[in-house]
Structures are given as C-alpha cells and as structure tokens.
Amino acid sequence: MLTAIVLVQAQRDSIPETAAALAQVPHVGEVYSVTGDWDIVAILRLPDYTHLDDVVTGHLRLLTGIVRTQTMLAFRAYSPELLDQGFGVGLKEE
C-alpha cells in the first residue's frame, strides 16, 4: 500500500465544493480543509505507483476549482503512540 499526500490550492469561492469532489475520487481516503499556504489536503491510499498517475493526473486535473497541487509520497508511517509523544512535547498534563 502506498500513501500519498496531495496539497491543493483551490479557488477561494469553491473550497467546500472542491473538497467534496476530491473525497469522491477513487483512492482518496481522507480530505481536510487546512490553514496556511494550501487550502485542502487529500490523503491517497494506493495499491501501487501506477494508480498515483491515474488519480493525480487523471482525476484531479479534471476537477474544477483546483488551481495547483503538490504531491508528496510517504516513506514510513509511525505508530500513534510515537506521534502523540512528539506532539505532546512541552505540554503539561493537568
């Protein structure tokens, strides 16, 4: 299983519609609206690399509302326990 993260810059007036359309694309597992330089993050779960081209250049480029994308491939997933430890650094439990 291959995981890819697609950062999406969308037209400002169509972010919710674009995110909803992304969520319907095959192999898109999760879609988030986010703050920062990008508007939407899509998490792709793919059986192999050939599906990456199908999804990104085949499906995403056809969606209206998408201005620009940047795709990243995940090398390794870390356990939830380790992620919780990393994000909890410096925070005191009350």
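In this structure, the side chains of His59 and Leu62 stay at 4.5 Å or more apart for every pair of heavy atoms. Counting heavy atoms from C-beta on, the side chains of Arg12 and Asp39 come closer than 4.5 Å.
In the hydrophobic cluster analysis, where Ile, Leu, Val, Met, Phe, Trp and Tyr join through side-chain heavy atoms closer than 4.5 angstrom, Leu63 is grouped together with Val31. Under the 4.5 Å side-chain heavy-atom criterion for Ile, Leu, Val, Met, Phe, Trp and Tyr, Leu7 and Leu52 are members of distinct hydrophobic clusters. In terms of hydrophobic clustering, with Ile, Leu, Val, Met, Phe, Trp and Tyr side chains grouped at heavy-atom distances under 4.5 Å, Ile5 and Val34 are assigned to a common cluster. Hydrophobic clustering places Ile15 together with Val25 (ILVMFWY residues linked when any side-chain heavy atoms are closer than 4.5 Å, directly or through intermediates). Under the 4.5 Å side-chain heavy-atom criterion for Ile, Leu, Val, Met, Phe, Trp and Tyr, Val6 and Leu2 are members of the same hydrophobic cluster.
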Set out, in order, the CA-CA distance, both residues' side-chain angles and the distance that settles side-chain contact (heavy atoms from CB on, under 4.5 Å) for Val67 and Gln11, then state yes or no. CA-CA 6 Å; Val67 175; Gln11 294 173 352; 3.8 Å; yes

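Contact between Gly65 and Thr18 at its shortest, heavy atoms only, is CA-OG1, 3.6 Å. Minimum heavy-atom separation, Thr71 to Ala4: CG2-CB, 4.3 Å. Here the closest heavy-atom approach between residue Ile66 and residue Val8 is recorded as CG1-CG1, 3.9 Å.
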Please table the atom pairs, donor to acceptor, closer than 3.5 Å between any side-chain atom in residues 43-51 and protein atoms at least two apart or in another chain.
unit_1 : atom_1 : unit_2 : atom_2 : d
Arg45  : NH1    : Thr3   : OG1    : 3.4
Arg45  : NH2    : Glu30  : OE2    : 2.7
Asp48  : OD1    : Thr50  : N      : 3.0
Asp48  : OD1    : Thr50  : OG1    : 2.4
Asp48  : OD1    : His51  : N      : 3.4
Asp48  : OD1    : His51  : ND1    : 3.0

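Here the straight-line distance linking atom CD of Gln9 with atom CD1 of Ile40 works out to 10.5 Å at 0.5 Å rounding.
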